[in-house]
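First the proteins, then the strands, lettered A, B, ... as listed; each starts at 1.
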2 protein chains.
Amino acid sequence: MSSEESETRKKLLSAAWALMEQRRGKDVRMQDVAKRAKVSRQAVYLHFRNRADLLIATTRHIDQVSDLDGRVASYKAAATGLAAMDLYIAFWGNYLPVIYNMAKALLAEYDTDADAAAAWDDRMRALRSGCQETIERIAGEGKLSANWTIKTAADFFWSLLSVHHWELLTKTCGWSTEAYIATTQATLRATVCKA
Amino acid sequence: MSSEESETRKKLLSAAWALMEQRRGKDVRMQDVAKRAKVSRQAVYLHFRNRADLLIATTRHIDQVSDLDGRVASYKAAATGLAAMDLYIAFWGNYLPVIYNMAKALLAEYDTDADAAAAWDDRMRALRSGCQETIERIAGEGKLSANWTIKTAADFFWSLLSVHHWELLTKTCGWSTEAYIATTQATLRATVCKA
DNA sequence: TGAGTCAATTGACACCGTGTAAAGCGTGGC
DNA sequence: GCCACGCTTTACACGGTGTCAATTGACTCA
């Protein structure tokens, strides 16, 4: 379970991540990653089929290092659907800053690379199914407002968690992560949930 | 006020628009536009400095042809701030499908081209100032909920109108434009406004 | 000690789309 | 007959991705 991955591969993943952190995702080129990992440009292609492949692997790497699974787990233990919703929003709101730059880079590849698109869709599907579960739980407790179906509520919930929505409020409007979380929680309580 | 623009330039703008409509914005190349306008690729560069310039001009062209000014005007005439908000959301919600493909193309250029970024920011600033005005009016009528400042309310209003938010709900989740408009109206009434 | 293997290096190259440059061509005006 | 203008044609530079082939250096195993 430990070092199945080659040393160089790990170095490349770390290099990619580090570069994403400091530069805007788009202009991290293959040779930049190679240079940072102190390896030739060609060596990158020995480990990753193409740029998209590298980006996808890097997101997985970030998930592991940042313990995504651990972070997700807690919200399921919440006492009520409403509490679960709050926790889910907080979890994601705090995770977004970690993956933001990678996400942007991956997203930029979305239109041109089918693999990147699939990888992205996969993550988003996972995020959405968390929303759906939460809404179902709320509905099960009789707390879903009559104006919404489970689908529309889950869609809307999901949309408020999107990278772009978070980006606009924090990066463009200057909101803090806490403000984003609090507002999203309050909004969903005020719309989707029954008083 | 009429044909200051050369015939070829107009043909190019129409060609660009038409291609954006049918293909995904990203893979509309300069030579595609040229071919569609039945003109050499170089001729495009006689009229537009670069790709970003063409895209920017095309958005302006769409605004003119689609009578953006006319569409915007009506919401200002609303009786109350709340009514103005509804109209503003409806105006934008109905305009988004028209500009969507162009917007995507322009947005894709955002990271690499300063002009494209400036053009985009300019439009978004205009959209936001509409939000701000509306919220100010609502606040003036004593209808702004105590949980919000004018800035945060305008930010949030604006975020719900973003191209990405609309895209996610309609394109990805399959909502109709009407559903998007209705939900956005209801959400803002339920959060930002006092009962 | 020598052969085989494997990861990585080096250098060259094809491809694509953008943008530049220069010479040539056809039409219209005067 | 001349010029000006808009456009065409051809050619090329650039940057980034991805491919290919020959080579090196280290480690293993017989």
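Between B/Leu46 atom CG and C/dT20 atom C1' there is a gap of 12 Å when expressed in whole angstrom units. Rounded to whole Å, the distance from CG on A/Asp115 to P on D/dG18 is 11 Å. Put simply, NZ on B/Lys38 is 13 Å from P on D/dT8, counting in whole angstrom units. Between the CG atom of A/Leu54 and the P atom of D/dG16 there is a distance of 16 Å, given to the nearest Å. Regarding A/His47, its NE2 atom lies at a distance of 16 Å from the P atom of D/dG18, rounded to whole Å.
A/Trp175 and B/Ile150 fall within the same hydrophobic cluster, defined by Ile, Leu, Val, Met, Phe, Trp and Tyr side-chain heavy atoms under 4.5 Å apart, directly or through other members.
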Would you list the protein and nucleotides 14-18 of chain C atom pairs, both N or O, that sit under 3.5 Å from each other?
unit_1, atom_1, unit_2, atom_2, d
C/dT18, OP2, B/Met30, N, 3.4

Anything under 3.5 Å between a protein N or O and an N or O of nucleotides 21-28 of chain D, put it in a table, one pair a line.
none

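Panel note: side chain A/Tyr180, backbone A/His165; no donor-acceptor pair is recorded below 3.5 Å. Judged purely by atom type and a 3.5 angstrom limit, B/Thr187 uses its side chain to pair as donor or acceptor with the backbone of B/Thr183.
Ring orientation note: the planes of A/Phe91 and A/Tyr95 are close to parallel, at an angle under 30° on the 30°/60° scale. The aromatic rings of B/Phe156 and B/Trp148 are tilted relative to each other, their planes meeting at an angle between 30° and 60°.
A salt bridge is defined here as a Lys NZ or Arg NE, NH1 or NH2 lying under 4.0 Å from an Asp or Glu carboxylate O, and A/Arg51 with A/Asp113 fails to meet this definition. Between A/Lys151 and A/Asp155 there is a salt bridge, with a side-chain nitrogen of the basic residue lying less than 4.0 Å from a carboxylate oxygen of the acidic one. Using a 4.0 Å cut-off between a side-chain N of Lys or Arg and a carboxylate O of Asp or Glu, A/Asp63 and A/Arg60 do not qualify as a salt bridge.
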